[in-house]
Amino acid sequence: MNPLPVLLGKIVRIASRLRGGGSALPGLVVERLDPGFMGRALSALPHGVVVVSGTNGKTTTTKMVVELLEGQGLSVFTNRTGSNFTRGVAAALLGEVDWRGRLVADVAVLELDEAHAVHFVKLVPPKYSLLLNVLRDQLDRFGEIDATTRLLERIATATTGTVVLNREDPRVAGIASSLTQARAVYFGLDESLRSTFPNDDELRGAEGTAPAAALPADVVLSAVEGDSAEFDIDGLRVSTGLRLRGVYNIFNAAAALAAARAVLGGAADIDRLLRSLAAVEPAFGRGESILVDGRPLELVLVKNPSGFRLGLKSFDPAGHATMIAINDNYADGRDMSWLWDVDFDSLGAAGVDMVSGARAYDMALRLKYDAVRIGGVEPDITAALKAFITGSAGQPRRIFCTYTAMLAVRRELSKIAKVEVVS
Amino acid sequence: MSDALSAGALSEPAADPSKGSLRILQLYPRDMNIYGDYGNVLVLKQRLAWRGYGAEILEHNVGDSFPSDVDLVVGGGGQDSGQVVIQDDLQSVAPTLRGLAEDGTPMLVICGMYQLFGTVFRTYDGIDIPGINVLDLETRGGSERLIGNVVATSTEFGEVHGYENHSGQTFLGDGVSPLGTVLKGAGNNTEDQYEGARYRNVVASYLHGSLLPKNPAVADFLLRTAAKRKFGSFDDDGLDDSLAELARKHAAERPR
Ligand SMILES: [Zn+2]
């Protein structure tokens, strides 16, 4: 094997880091010079590759699976930077492989965007896949929810070992019937929690289409109480405290537990899994908290109706100053119709102090029709953030934002407060 | 701050249905509601409330009996699979819908329901799915998906703003007129410049966004027509649509 492409890729990677550039270029270089690089590096791993995909919760769930496996003593390769594309994986690999292109790890856990995962699994068939949900998101990219389902189905059929499926999402659960080589394992919700997680079909009070507990699940989220949760694992009731916030993160903890158990098989130590889970911190922008002039400011990423609904449900507006920033760049999705599938009544009492982003007026119009008080509208995020921070002195703050709006908010916040740096 | 708004400017009088109520029927919200179609119903309901009218929101889903005394009909977009699910039921209520449309009932049909209101949908594979013949138009499945922001201009409503996402291409017959002419985006198809269709008091369009929030002129046309038919008059108090104006202005500046 010729080590030159790997070396060149590593050099480009270092150079582009020094320039402060993106993470994809070095991946492109090695991909062009040595197309087999990624497949070779990943297929040699003793526990193989785990792919995490679905509409919502990929980043946090990937982080959980990684920490659960690390807690059991495995060395894990992951694409931590959130560049969830094949090229981003190749770039991340360059940072980890030795000069001969060998990756020293037991297992790889990769967050992959639905469309790119399909491309990826052709190059590297995963041993495990964890499919979280199919929700309405970025239909401007995928066309239809059913088309997104078919993308996940292709990940599942390429998987060689175990496919972990969300029992409560009818589109995801249905994928089991198309499996030919892998076995299906489920994670799920107790009956009593099901109404907390409406899927898109149940958006407007329609009858639930979720298959009831008919399918046996390996891990079931059975109760959520404040910041602790109970799970039924393989029939055993266990409970643990959590640092993660938001009901959707806690449901994804059930997903991560099921995936970790699939990888570890009989070797999984449940007590230790729970200890690892309890220590997981929220990922970038998923309910993380930053201190701004001594007061917490929470960033909540919202990118589709179900995510926004769960975000509103998970974070009580009382006592908080609230800002919403909605952009419509490619990464956010250009179509604003999703804002009309979220109920904002819960913000009615406290109101929204500032509305910002390229589509600030679409958002403000949405709030107007739910009779939510608006403090101000300012499309420019820098100006809006300044006015919001000044106007809410002494209060805890919360900002709901789309992906690129969150990047802009963090860029501005880093000028006035300490913010975690993500490459 | 350039566009600061006082709290008072946004909170308008609460609902007082003293002037009477309109019965608004949502067609198949369970299976055809994926692009914020509820937003259209919410806008109708709130604009009535702000003017002192009430709104009774009715639903017709597969298997329901069709409600009586409907004043206004709203139908939304669905996935291809949703259109298949409602197909038989829709055919069974087709004569009723045709009767209502001929009689002058105002209707708003978007995307998938717009297609089904025509004569036929010819799929990309050459299969003919019959429509319900309310509108003289036909749709052909295309290989290309038309997605993005749209601005159209209409003699009746001025500029119409919205977002399209469809692969079916619709061609108008002589019995209908276009809703507007496209300034930005594709609209009905990639061949002519038309967007949507108009027939009696039916407004059909590919645009979601939702359509009505940013196009209050269309919302008020539907409401005025329904109220005049039912009460003989419509108390057409001008509402403060400055936020909608700003949302239109900013939307028009965004990329396709
Ligand atoms: Zn549509």
Side-chain angles (χ1 to χ4, degrees), chain A residues 136 139-147 149 171 200-207 209 305 327-330 333-343 351 354-355 357-380 383-384 386-388 391, chain B residues 1-12 14 26 29-31 33-40 42-43 45-47 49 59 61 77-82 145 147-149 162-167 208-211 213-214 240-241 243-251 253-256:
Chain A
R136 196 194 133 188
L139 294 185
D140 42 1
R141 280 177 64 201
F142 300 132
E144 291 203 323
I145 310 176
D146 292 341
T149 311
R171 291 189 175 84
D200 276 0
D201 295 330
E202 297 159 330
L203 210 70
R204 290 287 158 198
E207 296 286 307
T209 44
N327 274 353
D328 66 347
N329 295 313
Y330 178 75
R334 295 214 184 278
D335 185 2
M336 284 297 109
S337 57
W338 66 281
L339 295 177
W340 293 89
D341 283 328
V342 182
D343 275 324
M354 178 59 70
V355 183
R359 290 299 190 119
Y361 286 104
D362 274 81
M363 185 67 231
L365 189 59
R366 175 70 193 91
L367 292 173
K368 174 187 163 121
Y369 276 99
D370 267 357
V372 174
R373 179 193 62 84
I374 302 171
V377 186
E378 170 53 69
D380 180 74
K386 273 186 194 141
F388 175 62
Chain B
M1 209 172 320
S2 54
D3 299 310
L5 295 153
S6 71
L10 296 175
S11 43
E12 287 170 58
Q26 222 186 335
R30 197 174 288 169
D31 298 295
N33 69 353
I34 57 166
Y35 292 111
D37 293 302
Y38 176 73
N40 290 328
L42 178 66
V43 165
K45 184 177 142 191
Q46 292 290 56
R47 295 182 78 81
E59 291 189 2
N61 285 300
Q79 310 211 65
D80 294 349
S81 58
R145 222 174 160 90
I147 302 180
N149 287 306
Y163 194 93
E164 64 183 326
N165 183 348
H166 55 106
S167 56
H208 18 83
S210 306
L211 180 73
K214 278 209 289 287
D240 176 5
D241 283 321
L243 274 181
E245 250 338 293
L246 286 160
R248 290 159 65 86
K249 179 176 146 265
H250 283 256
E253 291 163 359
R254 300 305 297 160
R256 157 82 167 145

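In what follows, chains are A, B, ... by sequence order, proteins preceding strands, each numbered from 1.
- The only option from V43(B), N40(B), D37(B) that meets the side-chain contact (heavy atoms from CB on, under 4.5 Å) definition with W340(A) turns out to be V43(B).
- Within the 4.5 angstrom heavy-atom criterion, only backbone atoms of R256(B) (N, CA, C, O) approach chain A.
- Rounding to the nearest 0.5 Å places CG of D335(A) at 9.5 Å from CD1 of I147(B).
- Interatomic distance, M336(A) CE to Y163(B) OH, rounded to the nearest 0.5 Å: 8.5 Å.
- Contact check for R366(A) versus P213(B): no side-chain heavy atoms found under the 4.5 Å cut-off.
- For K45(B), no part lies under 4.5 angstrom from a heavy atom of chain A.
- L42(B) approaches D370(A) most closely through the heavy-atom pair CD2-OD1, 3.7 Å.
- Looking only at heavy-atom pairs under 4.5 Å with chain A, the residue among G39(B), A251(B), G209(B) that has the most is G209(B).
- In this structure, K368(A) and D240(B) approach most closely via the heavy-atom pair NZ-O, 2.9 Å.
- Rounding to the nearest 0.5 angstrom, the gap separating the CG atom in D362(A) from the CZ atom in R254(B) is 10.5 Å.
- Residue Y369(A) comes nearest to Q46(B) through the heavy atom pair O-NE2, 2.7 Å, listed as atom of the first residue, atom of the second, then distance.
- Atom CG of L246(B) is separated from atom CG of L365(A) by 10.0 Å, given to the nearest 0.5 angstrom.
- Among E253(B), R248(B), R47(B), the residue making the largest number of heavy-atom pairs under 4.5 Å with chain A is R47(B).
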